[in-house]
Undergrad: 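Just passing along the structure, written as structure tokens.
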Amino acid sequence: MKSIGEVAARFGLPTHVLRHWEAEGLLSPARVGDRRRYTDEDVQRVAAILVSKEAGFGLADIRAMLAARTAPERTEVIARHREELLARIARAQAALEMLEGDCPHDDIMTCPHFRGLLAEVTA
């Protein structure tokens, strides 16, 4: 069993993050007196939360994904997140295209490349 400080240090997190995740229903460490004690399973759950956050999941979706009792329930959460992620990728790709346009025009509004991007947005 590990203390909150040990688990937080292992992942480079402040302890208040683990307390917040507990308050959000993502973690439920054992208590010895008034101290939190984390099992190896809890440490794995912290790792799962971090991996999920890196993938862009919010805490509510992480909680739903980890609480899913069946693969179809989990798949539903993941599919919803996938659609949101694809939309964000499309917006980022459009932003990248705008930045890659090496426009020699003084007024960007007269740039054919930029106007093409505007046409896509206003269509």
Side-chain angles (χ1 to χ4, degrees):
M1 303 277 277
K2 295 169 183 55
S3 71
I4 190 171
E6 290 170 323
V7 174
R10 180 173 182 171
F11 293 102
L13 299 168
T15 56
H16 72 84
V17 170
L18 298 179
R19 287 187 197 97
H20 176 67
W21 291 349
E22 182 180 351
E24 291 292 318
L26 295 167
L27 296 172
S28 55
R31 299 281 180 153
V32 176
D34 63 341
R35 299 204 179 263
R36 291 168 176 86
R37 303 305 291 170
Y38 292 82
T39 63
D40 289 340
E41 175 90 13
D42 293 320
V43 172
Q44 290 296 309
R45 197 163 174 99
V46 171
I49 294 166
L50 289 171
V51 166
S52 299
K53 284 182 63 59
E54 185 66 28
F57 282 87
L59 294 183
D61 282 338
I62 295 171
R63 182 176 48 252
M65 186 174 61
L66 294 177
R69 297 285 179 223
T70 65
E73 287 178 21
R74 187 176 50 256
T75 299
E76 183 181 324
V77 174
I78 291 170
R80 185 176 59 246
H81 179 69
R82 182 181 182 278
E83 292 305 314
E84 293 168 5
L85 185 57
L86 287 171
R88 281 199 319 255
I89 290 169
R91 289 190 303 271
Q93 185 63 42
L96 186 59
E97 287 173 16
M98 184 184 85
L99 296 174
E100 288 177 342
D102 189 22
C103 177
H105 296 84
D106 291 332
D107 180 356
I108 195 165
M109 294 303 287
T110 63
C111 173
H113 174 74
F114 190 69
R115 297 293 291 202
L117 293 172
L118 297 178
E120 290 176 22
V121 172
T122 57

Undergrad: Does Arg36 use its side chain to pair, donor to acceptor, with the backbone of Ser3 at less than 3.5 Å?
TA: no
Undergrad: List the atom of Phe11, the atom of Val43, and the distance in Å for their closest heavy-atom pair.
TA: CZ-O, 3.6 Å
Undergrad: Starting from Val77, can I reach Val51 by hopping between I/L/V/M/F/W/Y residues whose side chains sit under 4.5 Å apart?
TA: no
Undergrad: Say you draw a straight line from CE of Met65 to OG1 of Thr75; how long is it, rounded to the nearest 0.5 Å?
TA: 11.0 Å
Undergrad: Could you measure the distance from the OG1 atom of Thr39 to the CZ atom of Arg45? Nearest 0.5 Å is fine.
TA: 10.5 Å
Undergrad: How far does NE2 of His20 sit from CG of Leu18, to the nearest 0.5 angstrom?
TA: 11.0 Å
Undergrad: What are the two closest non-hydrogen atoms of His105 and Pro112, and how far apart are they?
TA: CE1-CD, 3.3 Å
Undergrad: For Met1, is there any backbone N or O sitting under 3.5 Å from a side-chain donor or acceptor partner on Arg37?
TA: yes
Undergrad: Look up atom CD in Glu22 and atom CD1 in Ile4, then write down how far apart they are to the nearest 0.5 Å.
TA: 7.0 Å
Undergrad: Is it the case that atom CD in Glu76 sees more than 12 heavy atoms from other parts of the structure closer than 6.0 Å?
TA: no
Undergrad: Identify every side-chain donor-acceptor pair in residues 86-94 under 3.5 Å, counting partners at least two apart or on other chains, and give the distances.
TA:
none

Undergrad: Take atom CG in Asp107; do more than 12 heavy atoms of anything else shown fall under 6.0 Å from it?
TA: yes
Undergrad: At what distance, to the nearest 0.5 angstrom, does OG of Ser52 lie from CZ of Arg63?
TA: 12.5 Å
Undergrad: If you count every heavy atom of other residues, nucleotides or ligands that lies below 6.0 Å from Arg31 atom CZ, does the total exceed 12?
TA: yes
Undergrad: Please indicate whether Arg80 has more than 12 foreign heavy atoms, meaning atoms of other residues, nucleotides or ligands, lying under 6.0 Å from its CZ.
TA: yes
Undergrad: Kindly compute the distance separating CH2 (Trp21) from NE2 (His16), expressed to the nearest 0.5 Å.
TA: 10.5 Å
Undergrad: Do Val7 and Asp42 come close enough that some side-chain heavy atom pair is under 4.5 Å?
TA: no
